[in-house]
Each structure stands twice: as C-alpha cells, then as structure tokens.
Amino acid sequence: MISLDSFSKNQQEAIITNDKHLRIIACAGSGKTTTVAGKVAYLLDCKNGFDIKPENIIAFTYTEKAAGELKNKILNNVGRYRGMADMYIGTIHGWCLKSLQENQYEYQSFSVLDDIKLKLFVDKNYDIIGMKEVTKLSNPSVSLRRFIDTSLFIKIMDIVRESEIEKNRNFPDNILKAKNKYQKVLLSKRYFDFSMIMEKALECLQDDTNLAKSIRANLKYLIVDEYQDVNPLQEKLINRLQEISGCKLVVVGDDDQNIYQWRGSNNKYIINFEDKFDRDKVKTIPLSLNYRSSEGVTILSETLISNNVKRILGKKMESSKSQNFKRDSDILYNRYTDVNLENEAIAQYINDILGVKFKDNDDVEPRGVAFSDVVILLRTWNKASSIVQALEKYNIPYITAGVNQLFEMDEIKAALAIFNYLYGDIDEEQLKEKWLDIPHAKIKLEKIDHAISQLSEKKPSIGEIKDNWEYSLQDIFWNFLSNAEVYEENFIDSSSKELEQRSKERAEIIFFNLGKFSQVINDFETINFNSTSPNFHLFSFLSFITYVAKDYYPEGWLNNPYKTPNAVQIMTIHQAKGLEFPCVVIPGLNHNYLPSKKRGGLSEWHFLDRSLINEQSRYEGDDDKEDERRLLYVALTRSQKYLLLTQAPDLNNRLYKKESLFVQELISAKINSSPIMITDLKHKFSISEKIDPKPKEKIKNISLDFTSLKDIFECSYRFKLISVFGFCYPLNQRMGVGRSFHNCLMEIHKEAKKGFLLSEDELSELINRQTHFPYLTKSIKLSKPLYDKVKNNVEEYYKDNLDEFKNIEFVEQEIQYKIDSNILVVGRIDLIKKIGDSGHYETTIVEFKSDEDDADAPLTKDQLKLYALGHRELTGEMANYIMTYVIGKNKPKAPVKLYDNDLEEIQQKIKDSVALIRDEKFILTDEREICSENCYQIRLCSNRIKYNIKPRR
DNA sequence: CGTTTTCCGTTTTTT
DNA sequence: ACGGAAAACG
C-alpha cells in the first residue's frame, strides 16, 4: 500500500478528505492522476478504517487511454488486492453500456455504432430515420438532404439529447418526431449510438430497477475525472447516481482546460460544483503546484489565462521549479516575413535543439534532447502540410495523423483500384499499373496477372440475381492480396543493411495502411452487408469512398499503440491534452488562426432554434475569445522547459496576416519585472551545452484480452496482422450463431442463479430475444435453419443441465491479471460452478464453445488457466477444475484437474508473449504444424507459399 | 479618413 | 451562409 510521504500537503489533503464531496482543481502537471490513484489506494487500505471494497468505487474518465493510465496507477498502488476487477474504471459510456446489458438482457445483442458507421447507417435508412422531418427554420419546405447533410442531422440529434433545454421551452414537433424515428430505427436494428447508451442508462436509473438497487447497495465513491468537460446529460447521470446511492462525489478537473465546449461540455458544472451541496458537506482542494514545467512556462501560461473572466476565483498555478528556467533561450517568440521562412526556421530550430541537455526529473542524469521530445502543436490541420514540407527539406523525421489522408497513399490507391476495376471504371492495364506504381514494391508480374484474372470472375453480373447471393468486398480484397502475393516481405529491400532497415519501416507502414483499408471495407460492410444486389453493393461502396471516406480516414501511423519511433510529432492542441513534452513549438500565432475565425456556412443552427438550448452560445464560441485563450493555455502548459512560438503573415491568405491578440498578453508576462518571452532573438544553442540525443524511454501501457493473447501464443505474426495492422476478417451471413448461443446461456444462467426456472414459453421468448444475425440478407433461406440451430441446441442444453444450475457461482465474471507494472490481461469467465457445502466444495471454471470453434485446441486450456489465474486474483481461491462445453455437439468435456504449476506455467507463457510485443518481434513462425488452412490469416502471410497451403474458402 | 460594397475563404474530436 | 478584410467610394 502507499505511503503519504511522497505527496505534497494539498495532495495529502485530497487523499485523506473522504467525509465530504470533493472538488479537486488540478492545474496542468499537478500530479492529478497520481493523487487520485493514491486516494483510491488509501480508501481501500483497511488500516485506514474505511471498510471500502473495490466494488464500492466507480471512476469515470473521458478516454479509454486515460482510464488505462488511472487503472494502471491504482493497481500499482494496491498490489495484489482481492477483487479489483469489480472496481469500474473507465469511460461513462462504457459503464452505461455494461450496466444496461447486465440489467436488461435484451441489450446484450446490441452493438454501438461509431461515427462513421452511424453515418452509413443514417444514409442507408434515410427514408425512415427522420432526416426529412428536420427542416430549415427560414424555409420549412427545405429539409436535410441525404448524404450531404447527414453529419448535420447527427449533430442535431446529439444536441437534442445531450444538451439542457431552456426553461419553459420545448423542442418543436418535427424535431421530436425526428428523434423518435431515429431512435426507433436504431433500436430495431439492435444498434446504439453513443448518446443513446447514456439516455437509456439514465432511464434505467429512474425506476427502482436492479441496476438502481445495485448502485444503492454498492456505490460509495464516484470519481469523475476531467469534470470540466461533462455535458448536461452526463451531469444528470452523475447526479442521479449520487442521489440513489448517497455516495461521495469526487470531481477532478481544471476549468481553464475546458476546450470541448463546441461538443456540448459545460464549464459551469465544475465552476459551480460547491453550490450543489450544503456548505459543510463539500470541500475544494486546489492542486496548484505544477511539477511539469519551469517557472517561465508556468508564469507565462498563468499570465495568459488570467485574462479570462469566467473561471474559478483566486486560483493561481505555481511552478515546483523541478525544471530550471533560463531566460533568453528557453522561451522564444520569433516573427518572420513569410510563412515559408517561419516553417524553415522551425526546422532549423529543431535541428539546433537536438542534443541540448535536458533532465526528465531531479533524480536522473541529463540526456540530450531527441526528435521525439519535440511536438509541434496546431490549431487547425490546414497548417500541417507546409510545415511537413519544411521538415522534409531538413531531413527531420516526423509523425502525424492529419497530413496525409489515407486515400492519397499509393498502396491505397492500388487497393481501391481493385474495386474500380470490378465496377468497370478502369481496365486490367490500369489496375496493374497502380500496383506496380507502389514505390519499392517487388510484386511479380505473373502474380499480378493471376490475381487480376481471378478477380475478373468476381465482376458483378448486371442481370438476374441469385436468391442467396453473397458478395464480400473484404473477401475479394484478401484474395487479391493473396493471389498477387502481396506480403510484407515483398516490400523489403535487403541489398544493403541501411536500405533494409529503411525499407522494413516503409513496408510496415504500407501494411498498416492496407490494414486500415481493410477496416474501411469492414465499416462499410458492417452496415451495408445486406444490399439489394452485388452490383449495387459495389456501387455504394465506391460512392462511400468518394463522398465520405476520402477525407475521413487519416493515415494513422501516429496512432499505432505498439510503435514509438524517434520522431517529431505534429498534432492539434486538442490531441495534446494530457501530454507533456520537453520542447513545444507553437507556430502561426496569427489573428483568425489562434484565436481562430468562427465558421460560416450551413450549420445545425439553421435547423434548430438557438433559443431552445440553455447556454447555446458555448457551441459556437463566445465573442470574448475565452475558449481560444484556454486552447493556447493548454498548448503552452504541455511544455516542460522549451517553448518556441512563431508568427508570420501568410502571403497567400488574407485572413492570416495580423498577429494574434494573445501575443501582447504573453509579452506582458514577467518574472522580477523582466519579460519571460524573448522576442525576435534567433537563438542558437551552443555546442558546449550539448550531449548525445537520447529519446526518453516511453513506457507503454498494454492491456490484452485473451483473443489477442491467443494470437501471440500461436503465431506472433498473426498478432501483428490483426492487432498492429488491423486487418478485419470477411463478414458472412452465418455470423451471430456463436454470440447468440452465448447470450442465451448467459441469460439462462443469470436467471437460474436467482433461482428462476423457465417455462417452455419463457425459454423460447428468451431465445428469440437473444438470437441475432446482423448480416443476413433479406431474401433468406438461411434464417430458419440458423435460428433453429440456436433454438434446438439451447433447449437441449437447458434440459440436460437443469440439475447443474443450482451450483452456479458466477456468470460472466470479469477478471483481470496484472503481469507487471504496465501490462494487464483482462477477460470474462462464462461460468463458474461451485459444488459442495461451505465446509468442503470444489470450483469449476467453464468455457462454452460453439462447434465452429476448436474446443479441443490446447489453447482453450490456456484460456481456462488464464481465467483460473484471474479467478484467484478475484476471490483469493484456487479453482479445482477447468472444463469446456461444446454447445453444437451438446456434450461437456470432462473437467480437468487444475494444479498450482498450471498457473505458473501460464503466467510464464504470458510473460514471454508480452516480451515479444514489447520488443516488436512479430516474426513468422517456422513450424509447419502451426500453419494450416485453418489459420484465418494465412492469405496475408508468405508462409502460404513456403508451406504451399491452400486457404480455406 | 470614415463608410459602404465587394469578394474571399472556410475548426477542434471522443465515446 | 456568413464574418471579416480589402477595395471602392465620398
């Protein structure tokens, strides 16, 4: 457990104050996450007498990444503490979904649409989804247009559901009608969008449901991170949870870092938090000591933000001075006569700062600044391409997710050409050319010809359509890659050592992009798998690419969680929130850029009356520039020590000629009455200050589930193809059988555990509810047999296992197992049975497999052993047996006795696998036995040639 | 030099 | 569709 000594006085107070609602105002770099993690550990430590168990605490964060970091810190604090898997640490949306599905079983078969899939879904269902109901305020005969205004419609639906309506007002009938239609269509196809998950969860909490009961019984502390970013709907949910349970609220945030107001978040909730409660029941603790940045950075930022009026009174960020501040070199503001000069100067500055001594903290020796220590922060992406050009000119490595669109990459142009060819837009020669155009590709001519001839058989026929056609673009894509023998190795040039290294990296990027393209197909087919004809399917895919996907998908190497190259990062200020860098460059301090110009054009407010929404102006930006000032504040406070701000008039754009009004505010910042920011000093760092550049070793937090772990166990290259490159497997109409089985059994077991036996009618109703085949086409012959298969097998299972139901201990139990300080394995156990009385009993962990899975595989045993490990972590007890139950064959396999060394063995196996991921050793297996037609990735793997394997269709 | 007219250019993103 | 900057006007 933790010691309080390592915390500051205010941090300690935040940790030990637990009898009141707490507002922690945490400035940038104040050790917020560490403090919250410390607080949780303090609450759990029985020495402190709180009688708090993991399930009594819920912690909400805004991103999965933030959740991962918090979880990791908490687990490192508490060590092996029993039952930690029962503590919810994650996003609000994640919690809502989980709670809904646990409480209302029919939601088990639902899935959540992300924004691109939602867009596809709305367009597909344009006629019935309510888009036509939304009409222009100035001219009610004009309604939202299909394809063109889809994202406006989605925005309006979000505002309608997530914002707070003005008192005594109501939405007009057409908007309400649209909302009802929209939600009805989503529900009927068993989909949620993000707002709906929260709305439904809130609804569920209004009544005295099982969920409400469980909250009342369990919840004692509700922690909300980034509280400045909650929107009205989230605030309602938080309040509801608090009212039901009477729990203590712990909100953590910084009103100065609210930069998502245009998305509906409202700063007032954190500013007015204390007013919600009686004076003596609430406390505010400021964490205003910044451990990240030098005094120069800290006072500069503070001077800027103090120009904002709408903020919590009397707060002031101060520096811990863990970084020293050197005037005249650390913080520079340079003006140039032209943007091109500005960009080149930035490139020169980066080259110059390389190797300058930097200390990560007081306890370590200084190292030289490396490329990866530098970040260039942008207000808008349109600035990026000219900066990239300058960096390329000076040979500075960089990574970014916003400059190159995915569809501008050669390999993606080639991949897309496959479908242009199928549709008849281009001929064989043009398609061939596209593939041979990819730089450094060693694709064999005859293989490309072979692939194209195979492809030509897949051209959709215009004539009659077979009743049960299946036309999978994903399958076509995979087969093409396989037939043309497009393998990662074919992009590697081994003629010299240096070339080999460079081309290896390029090959990875090419495959990463092809993997992205596979995801694009998957996004499209998830929604549109059941089209009216193959030809139309192809046509709508190509339209989707041209009109939607083209400027939607970035080339995402930056987001690759398993790679941290030594390169300058370019990102938007929004993306940089929560990060820190030794050196921050903020270019383009121009009027109309930062602060940015308000946007013109058709907006949601031409369809939705502004006066309906409480504090509507926050969506559009206030006139006083406070939003934009906060943005610059966030950008500045990312820096630990070095800051370069630059400005130049853009000769080609009349909007960006004047200097930003924030510059004067920054110039006025002073320490001991001399200015902090040095203006127009073209500083050179002296050679004597420099040592060898050495990138900081970044510790990656990795969370693995059994599915990905299974891949590494078997073949680490398969893991690379799926988890690193992101290839998606082709969909097919039969999908959903396994999940339907699973959900049926889950519900049966949960009911049985409560002691309910089901009548025949109830059972068939249950099966109806849980059976779902999302990709079945409308002209279905398959529907009945698939449904019957689920029904027969579930009914048989129910009959055969009536006697066993009384032994159920856990159903769908979440487990987690910490491998080391940054690696967590998570999973969910289908069923745990306990036989015998309290004096002497035996525990069995059960995993269900449908007959399509290979239940005999040795890997299933590994999976169960892993679960046993998680079970021991959860309960402190060692399970006695593990067993699988094959549903299709409807027979249990005999339980296998579990021994201590089984758990040690699996632990070691996981450790070895994780080491492979860390060292990025995703190698092809050399063992023939592992490669077979059953490996579903064999089509993308050169072992198919080496071992001459025919992929299974 | 102040006012009116014309014409140009046009975010941020997570769940 | 609209704000803002430059050009044109008086």
Side-chain angles (χ1 to χ4, degrees), chain A residues 60-68 90-98 100 111-119 136-139 142 149 151-152 154-155 157-158 161-162 191-201 225-226 228-231 233-234 237 257-265 377-384 401-402 551-554 556 558-559 571-578 588 590-607 618-621 623 625 627-632 634-635 649-658 661:
Chain A
F60 288 151
T61 61
Y62 267 77
T63 60
E64 293 297 345
K65 194 176 154 225
T91 62
I92 295 192
H93 294 86
W95 182 84
C96 289
L97 183 63
K98 179 177 115 96
L100 269 180
S111 38
V112 182
L113 295 178
D114 60 26
D115 51 355
I116 194 81
K117 291 198 196 77
L118 185 59
K119 229 171 159 173
K136 234 177 176 178
L137 295 171
S138 60
N139 180 1
V142 178
D149 298 326
S151 44
L152 273 185
I154 293 171
K155 253 191 220 157
M157 289 295 108
D158 280 345
R161 291 172 299 162
E162 299 209 4
Y191 287 126
F192 282 133
D193 72 355
F194 290 117
S195 314
M196 218 196 310
I197 313 175
M198 293 205 305
E199 252 199 338
K200 287 277 167 206
D225 194 13
E226 306 280 6
Q228 77 279 2
D229 282 331
V230 298
N231 67 34
L233 183 59
Q234 290 162 339
L237 186 95
Q257 294 188 64
N258 166 279
I259 53 174
Y260 287 109
Q261 60 302 116
W262 44 270
R263 224 162 65 183
S265 80
L377 295 182
L378 308 173
R379 170 71 251 251
T380 67
W381 277 115
N382 56 23
K383 199 147 191 59
D551 37 32
Y552 180 83
Y553 293 91
L558 177 65
N559 300 327
M571 60 177 88
T572 63
I573 300 172
H574 286 91
Q575 288 173 321
K577 196 180 179 188
N590 284 330
H591 187 58
N592 285 334
Y593 174 76
L594 185 60
S596 95
K597 185 173 129 35
K598 276 193 207 171
R599 198 190 171 190
L602 189 67
S603 79
E604 54 273 33
W605 306 110
H606 292 99
F607 298 86
R618 74 184 191 280
Y619 282 97
E620 293 186 280
D623 294 328
K625 311 284 181 207
D627 299 340
E628 297 288 317
R629 196 177 281 111
R630 283 198 295 270
L631 214 42
L632 180 55
V634 168
D650 188 333
L651 302 180
N652 302 316
N653 190 324
R654 42 189 220 147
L655 284 177
Y656 308 135
K657 292 212 190 301
K658 282 201 291 187
L661 58 95

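Atom set for the values below is all heavy atoms of this structure, side chains included, hydrogens, waters and symmetry mates excluded. Below, chain A is the first sequence line, B the second, and so on; all start at residue 1.
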May I ask you to evaluate whether [X] reaches the phosphate of [N], defined as a side-chain N or O under 4.0 Å from OP1 or OP2?
X: A:His591; N: C:dG4; answer: no
X: A:Asn652; N: B:dG9; answer: no
X: A:Lys136; N: C:dA1; answer: yes

| field | Carboxylate-amine/guanidinium contact A:Glu162 A:Arg263, below 4.0 Å | value | no
| query | DNA chain B: stems of at least 3 consecutive Watson-Crick or G-U pairs, cut-off 3.5 Å? | reply | B:1-10 with C:1-10
| task | Measure across A:Tyr191 and A:Met196 and return the closest heavy-atom pair with its distance rounded to 0.1 Å. | result | O-CE, 4.2 Å
[X] has an atom [atom1]; how far is it from atom [atom2] of [N], in whole Å?
X: A:Leu137; N: C:dC2; atom1: CG; atom2: P; result: 11 Å
X: A:Asp650; N: B:dC8; atom1: CG; atom2: C1'; result: 13 Å
X: A:Asp158; N: B:dT13; atom1: CG; atom2: P; result: 16 Å
X: A:Leu651; N: B:dC8; atom1: CG; atom2: P; result: 18 Å
X: A:Lys65; N: B:dT15; atom1: NZ; atom2: P; result: 10 Å
X: A:Lys597; N: B:dT10; atom1: NZ; atom2: P; result: 9 Å
X: A:Arg629; N: B:dT12; atom1: CZ; atom2: P; result: 21 Å
X: A:Tyr260; N: B:dT12; atom1: OH; atom2: P; result: 12 Å

Quick one: which of [options] gets closest to the side chain of [X]?
X: A:Glu64; options: C:dG4, B:dT10, B:dT15; value: B:dT15
X: A:Lys658; options: C:dA5, B:dT13, C:dA1; value: C:dA5
X: A:Trp262; options: B:dT12, B:dT10, C:dA1; value: B:dT12
X: A:Thr63; options: B:dT12, B:dG9, B:dT14; value: B:dT14

When we call it a touch if two heavy atoms are under 4.0 Å apart, what does [X] touch: a base, just sugar-phosphate, or nothing?
X: A:Lys155; result: nothing
X: A:Asp115; result: base
X: A:Ser596; result: base
X: A:Asn592; result: sugar-phosphate
X: A:Asn382; result: sugar-phosphate

| query | Using the C1' atom in both, what is the distance from B:dT13 to C:dG3, to the nearest Å? | reply | 24 Å
| field | Over 12 foreign heavy atoms within 6.0 Å of NZ, A:Lys65 | value | no
| task | Could you point out which residue of A:Glu199, A:Gln234, A:Met198 forms a side-chain contact (heavy atoms from CB on, under 4.5 Å) with A:Cys96? | result | A:Met198
| message | Please determine whether any donor N or O and acceptor N or O are separated by less than 3.5 Å between the side chain of A:Arg263 and the base of B:dT12. | response | no
| Between A:Tyr260 and A:Asn231: side-chain donor-acceptor atoms closer than 3.5 Å | no
| Distance under 6.0 Å and angle within 45° of the ring axis: does A:Lys383 meet both against A:Tyr593? | yes
| Trace of the salt bridge (charged side-chain N to carboxylate O under 4.0 Å, His left out) decision for A:Asp149 with A:Lys136 | CA-CA 12 Å; A:Asp149 298 326; A:Lys136 234 177 176 178; over 6 Å; no
| task | Dump the intermediate steps for side chain to side chain donor-acceptor pair (under 3.5 Å) on A:Asp158 and A:Ser195, then the final yes or no. | result | CA-CA 7 Å; A:Asp158 280 345; A:Ser195 314; 2.9 Å; yes
